[in-house]
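So the structure is just underneath, and the comments pick up after that.
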Amino acid sequence: MRLVTWNVNSISARMPRVLELLAAEQPDVACLQETRVTDAAFPHLELLQAGYTAVTHGTSSRNGVAVLAREPLDAAPAAVGLPGEPDPSEARWVEADVAGLRVASVYVPNGQAVDTPAFADKLTFLEHAAERAAKLVAHGPAVITGDVNVCPTDADAWDITALHGGTHATDAERERLAAVLDAGLVDAYRSVRPHDGNEAFTWFDYRGGAYHRREGLRIDHVLASPHVAARVRDAWVARPYRKGSKPSDHAPLFVELADDGQPGRAS
DNA sequence: ATGACTTGCTATGCAAGA
């Protein structure tokens with residue numbers, strides 16, 4: 001089974017690239033973030049013509065998450081919103097049951113700057129994500145995936161000093177991401193590619209030619225429950241989707257899972 | 001130069017992204 005997570009930075013602006021990816025890569029599940037449309041305005045019809053059904057949690061202009069699947073999804077999401085999140089109206093969490101998995105698509109708050117209310121809200125959001133993770137892991141096979149907006153280690157940034165002590169790589173954020181993993185999840189990418197450098201980056205600033213200078217961050221993650229983690233055969237960043245015509249500032253992150261019941265790649 | 005793009009807004013410059 002092939003899963004992809006991608007912050008599309010507006011599905012309206014990105015529809016040609018989204019359709020390109022679905023046709024070329026044929027993911028079984030696609031978790032999208034920053035769809036930036038209301039549920040009513042979500043392009044269900046075009047996606048259906050491409051062979052995908054979707055559950056969404058969106059709001060006008062900002063944020064918004066979705067799960068797409070080649071198998072028909074229930075019209076209603078398995079869960080909408082993250083219990084305890086600071087502002088449920090921001091539309092940052094949605095869950096679907098697909099291919100025997102509970103799949104959560106998440107867009108963690110950016111945090112703007114340390115010592116802002118937005119940063120405090122980011123930490124609170126991550127704390128509740130850890131609580132939700134524990135519940136999902138206890139429930140069964142699960143994947144929490146999306147734009148987590150945290151670099152787990154210094155190796156996950158092109159130049160840790162370039163972050164100027166700002167968000168995404170503070171101890172406070174890393175401790176809270178670690179707590180999410182401690183709930184029983186595995187960083188699927190690092191489980192198979194522990195030593196990758198800049199090929200692991202999933203976000204590159206639009207400005208200054210950052211992509212072509214390979215100056216990015218690894219902030220999009222696939223976090224898998226133990227049963228799913230054992231099925232991870234490969235993981236990769238699809239860098240070509242970060243360039244070309246009207247790209248998102250994030251590259252898609254793919255994970256290939258062995259079929260349920262088959263042995264996963266031991267690494 | 002902690003800017004450099006890109007997006008959506010009810011705009012004609014701005015906030016926000018990370």
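Within every chain, numbering begins at 1; the chains are lettered A, B, ... in the order of the sequence lines, protein sequences first and strands thereafter. All figures in this text were calculated on a predicted structure; none of them were measured in a lab.
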Next on the checklist: Can you measure A:Asn7 atom CG to B:dT6 atom P for me and round it to whole angstrom units?
Outcome noted: 15 Å
Item to check | Atom C1', compared across B:dT6 and B:dA11: separation rounded to whole Å | outcome: 15 Å
Next on the checklist: I need the CZ-C1' distance between A:Phe204 and B:dG17, as an integer number of Å.
Outcome noted: 16 Å
Item to check | Position toward the 5' end of DNA chain B (nearest nucleotide), A:Asn9 or A:Asn63 | outcome: A:Asn9
Item to check | Nearest-Å distance once atom P is located in both B:dA15 and B:dA4 | outcome: 13 Å
Item to check | N or O in side chain of A:Arg14 less than 4.0 angstrom from B:dT7 OP1/OP2 | outcome: yes
Next on the checklist: For a quick check of understanding: with a heavy-atom distance under 4.0 Å over all strands, which category does A:Asp220 fall into, base, sugar-phosphate or nothing?
Outcome noted: nothing
Checklist entry - Can you tell me if the side-chain N/O atoms of A:Ser12 get under 4.0 Å from OP1 or OP2 in B:dT7? => result no
Item to check | Sugar-phosphate only, base, or nothing, as touched by A:Arg36 at under 4.0 Å among non-hydrogen atoms | outcome: base
Next on the checklist: Let's go through A:Gln33 and A:Thr5 carefully: what are the C-alpha distance in whole Å and the side-chain angles of both, what is the deciding distance for side chain to side chain donor-acceptor pair (under 3.5 Å) to 0.1 Å, and is it a yes or a no?
Outcome noted: CA-CA 8 Å; A:Gln33 300 86 37; A:Thr5 181; 3.1 Å; yes
Next on the checklist: Tell me the interatomic distance from A:Glu34, atom CD, to B:dG8, atom C1', rounded to whole angstroms.
Outcome noted: 12 Å
Checklist entry - Hey, does A:Ile219 reach any base, or is it just sugar-phosphate, or nothing, if we go heavy atoms under 4.0 Å? => result sugar-phosphate
Checklist entry - When the distance from CH2 of A:Trp203 to C1' of B:dA16 is rounded to whole Å, what number comes out? => result 12 Å
Checklist outcome for this item: In whole angstroms, the gap separating C1' of B:dT2 from CG of A:Asp159 amounts to 14 Å
Checklist entry - Are side-chain N/O atoms of A:Asp249 and A:Trp203 paired as donor and acceptor at under 3.5 Å? => result yes
Show me the protein contacts with nucleotides 3-5 of chain B, counting only N or O atoms at under 3.5 Å.
from, atom 1, to, atom 2, distance (Å)
B:dA4, OP2, A:Arg207, NH1, 3.3

Checklist entry - Which pair of non-hydrogen atoms, one from A:Val55 and one from A:Asp74, has the smallest distance, and what is that distance? => result CG1-O, 3.3 Å
Item to check | Interface residues of residues 111-121 of chain A with DNA chain B (non-hydrogen, below 4.0 angstrom) | outcome: A:Gln112
Item to check | Residue pairs fulfilling side-chain hydrogen bond (donor to acceptor under 3.5 Å, both in side chains) with at least one residue in residues 112-121 of chain A, sequence neighbours excluded | outcome: none
Next on the checklist: On a heavy-atom basis, which atom in A:Cys31 and which in A:Thr145 lie closest, and how many Å separate them?
Outcome noted: SG-CG2, 3.4 Å
Item to check | Separation of B:dT7 P from A:Arg17 CZ (nearest whole Å) | outcome: 12 Å
Item to check | Integer-rounded Å distance: B:dG17 C1' and A:Glu90 CD | outcome: 13 Å
Checklist entry - Which pairs count as ring pair (Phe, Tyr, Trp, His ring centres under 6.0 Å) when at least one residue sits in residues 28-68 of chain A, sequence neighbours excluded? => result A:Phe42-A:His44
Item to check | Integer angstrom distance from the P of B:dA16 to that of B:dG3 | outcome: 16 Å
Checklist entry - Tell me the ring pair (Phe, Tyr, Trp, His ring centres under 6.0 Å) pairs involving residues 111-157 of chain A, sequence neighbours left out? => result none
Checklist entry - Using a cut-off of 4.0 Å on non-hydrogen atoms, how would the nucleic acid contact of A:Thr167 be classed: base, sugar-phosphate, or nothing? => result nothing
Checklist entry - Which residue, A:Asp156, A:Thr153, A:Asp154, forms the side chain to side chain donor-acceptor pair (under 3.5 Å) with A:Arg174? => result A:Asp154
Checklist entry - Roughly, in whole Å, what's the span from CZ in A:Arg92 to C1' in B:dA16? => result 11 Å
Checklist entry - Is it the case that A:Asn9 and A:His250 place a side-chain donor and acceptor less than 3.5 Å from each other? => result no
Checklist entry - Hey, is A:Asp147 close enough to A:Arg92 for a salt bridge, meaning N to O under 4.0 Å? => result no
Item to check | Contact list for residues 18-32 of chain A, test side-chain hydrogen bond (donor to acceptor under 3.5 Å, both in side chains), sequence neighbours left out | outcome: A:Arg17-A:Glu20, A:Glu25-A:Tyr241, A:Gln26-A:Arg70, A:Asp28-A:Arg70
Next on the checklist: Counting the atoms with a prime plus P, OP1 and OP2 as sugar-phosphate, which does A:Ser248 contact under 4.0 Å by heavy atoms, base, sugar-phosphate, or nothing?
Outcome noted: nothing
Item to check | Upstream residue (5' side of DNA chain B) when A:Asp147 and A:Pro247 are each assigned their closest nucleotide | outcome: A:Pro247
Next on the checklist: If the cut-off is 4.0 Å, is A:Arg62 near the phosphate of B:dG17, judged by side-chain N/O to OP1 or OP2?
Outcome noted: yes
